[in-house]
Number of protein chains: 2
Amino acid sequence: MTLTKLAIIGVGKIARDQHIPAIAGSDAFELAATVSRSGGADGVENHEDIDALLNARPDITALSLCMPPLPRFEIAKKAILSGKHTMLEKPPGATVSEALALTDLAAAQGVTLFATWHSRYAAGVAQAKAWLAERKLNKVEIIWKEDVRRWHPGQDWIWEAGGMGVFDPGINALSIMTEILPDPVHLISATLAFPENRDTPIAADLTFSGPDDLRVTADFDWRQEGPQTWDITVQTEDGTLRLSDGGATLHIDDTKQALEDTGEYPGLYARFADLIAAGDSDMDLRPLQHVADAFMLGRRDTVAAFHD
Amino acid sequence: MTLTKLAIIGVGKIARDQHIPAIAGSDAFELAATVSRSGGADGVENHEDIDALLNARPDITALSLCMPPLPRFEIAKKAILSGKHTMLEKPPGATVSEALALTDLAAAQGVTLFATWHSRYAAGVAQAKAWLAERKLNKVEIIWKEDVRRWHPGQDWIWEAGGMGVFDPGINALSIMTEILPDPVHLISATLAFPENRDTPIAADLTFSGPDDLRVTADFDWRQEGPQTWDITVQTEDGTLRLSDGGATLHIDDTKQALEDTGEYPGLYARFADLIAAGDSDMDLRPLQHVADAFMLGRRDTVAAFHD
């Protein structure tokens, strides 16, 4: 199989830790170039900006956009208008409206556009979805608590307006929630805790409503020291399902399930290859929509200042 | 023509001032009943809740939901599941996700669902849209400034989380913006001013981006005493268009245009009748989407306490 030539735009921590190794192990893509102002990856051709890349390498047909959401729209637009298949790190936009605009643009241009949600490719998610599809749900509890100092040291942009704060990890939980629940839910109340010196929340409590009085609660907190918690527990009429470790571990009624783990980012690139082959796009914006809804509907509490 | 029997759910100020007179003048609907806990309208059968209405009056086939957005979802769901054609006052939901859920539900039930944006039926809007469709836009400026004490005296719900604050009138401007601009725009920056004792903003500054570097600015403020301002100015390569008085007045290059004014709410009910006749729904959620985006992307400033 001929490998599709792909370039990464934005070579930061997520590109080095996840994208580059996943592409190296892919049987569909090869990393043909990068775009980065602060140096690219060892042994890979680098360009200063997307215009230089597009001029120099017409043979590259796929782009993976790894920069933060705020500057991403204009680059995604250029990518799509140049006829490149485009993959977007999460979240797919700084606003839902811009992600909708990109969706329309990609459809008009006939290119593949893929809003990635890496947590959906955690080892236990597909099996959890299949198990829940056949059952009546009573209650869903999401606990997503981590230490922001450990996972986002010195990343100022997540604290600036548009940076989403604790929803940066929380949207991973919402991407699993929207994948595994058989029916849609919508937010009915939210409380967001803003540090007095920051523009994005450090914690959030959410309650969603679904069919037959189903309630889903989500507790996101960036102030968790010690053990980290990324758990989703679903009580059904026919037993309790627990996804933990961000979706990597699955228990059903306290019995640990055997899982095949192919890795989150390898899963994303395999899916991107399938979408390109089929001529399809996948722009599921529900996780981002729930975040926007939480900011609109939520009550704001001011809490202690946060210092990195 | 046989009149379609319609009931109003939620008989408050907007129902009395706008809906009831518009239905009285309609050649498509008759007001057959109301649902209100605080008494209905003179000479019209009233029920305590929607369940009582649905049991008593199977002959009523259309419902107009006029209560605030927070309690509206469950009632809209009942209406749709009972097979009633349903019209929603703006905004169509407390969240975008719930409005999307209602859209899907109405499609599955085969009933008409109509998210109304009354300002789109102001006298100058259709003509403004037609004039702009053929021109290249350079710049759009929206100024929407009114005195909240005059228009929302003692309405506590607009100051509570989910009540939207200044976006309650501002969404009218956004509904005109999304109607008259030929291309989609998306928010790129926002500042929201929250009174220190309130949970919703009293003012907002928004900047949107569109094709060919088009910029749209919007200045919403609820602290305007004296003359009130509801203006949208569009500079094009071929002259300047100004919609003022909330869309009721149209100038092109300072020449006042002759307009036919059929009234905003009569326009809404005529459209509802057309949608029912055609078996269609109209759930354009873009104005609400822009509000959710503004809450997610916007920087929050704290300003002086507001007392009614």
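Here is the naming used below: chain letters follow the sequence lines, and residue numbers restart at 1 for every chain. As a basis for the values below, the full set of heavy atoms in this structure was taken, side chains included, without hydrogen atoms, waters or symmetry mates.
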Region of A:Ser209 in contact with chain B, defined by heavy-atom distances below 4.5 Å
side chain

With only heavy atoms counted, which part of B:Ser189 is less than 4.5 Å from chain A, the side chain, the backbone, both or neither?
neither

With a 6.0 Å cut-off (strictly less than), is the heavy-atom count around NZ of B:Lys77, excluding the residue itself, greater than 12?
yes

Taking A:Ala94, A:Ala101, A:Pro69 one by one, which has the highest count of heavy-atom pairs under 4.5 Å against chain B?
A:Ala94

Looking at side-chain heavy atoms only, is the closest gap between B:Glu160 and A:Arg299 below 4.5 Å?
no

So, for A:Phe73 and B:His186, which heavy atoms are closest and what is the spacing to 0.1 Å?
CE2-CE1, 2.9 Å

How long is the straight-line distance from CG of B:Asp293 back to CG of A:Leu288, given to the nearest 0.5 Å?
7.5 Å

What are the two closest non-hydrogen atoms of B:Val291 and A:Met296, and how far apart are they?
CG1-SD, 3.8 Å

Nearest 0.5 Å, what's the CD-CG distance between B:Glu98 and A:Leu297?
8.0 Å

For B:Phe194, is it the side chain, the backbone, both or neither that has a heavy atom under 4.5 Å from a heavy atom of chain A?
side chain

About how many Å separate CG of A:Leu100 and CD of B:Gln289, when rounded to the nearest 0.5 Å?
6.0 Å

NZ (A:Lys136) with more than 12 external heavy atoms under 6.0 Å:
yes

Considering all heavy atoms of both residues, which atom of B:Arg300 and which atom of A:Phe295 are nearest to each other, and what is their separation?
NH2-CD2, 3.3 Å

Gap separating the CD1 atom of A:Ile188 from the OG atom of B:Ser97, nearest 0.5 angstrom
13.0 Å

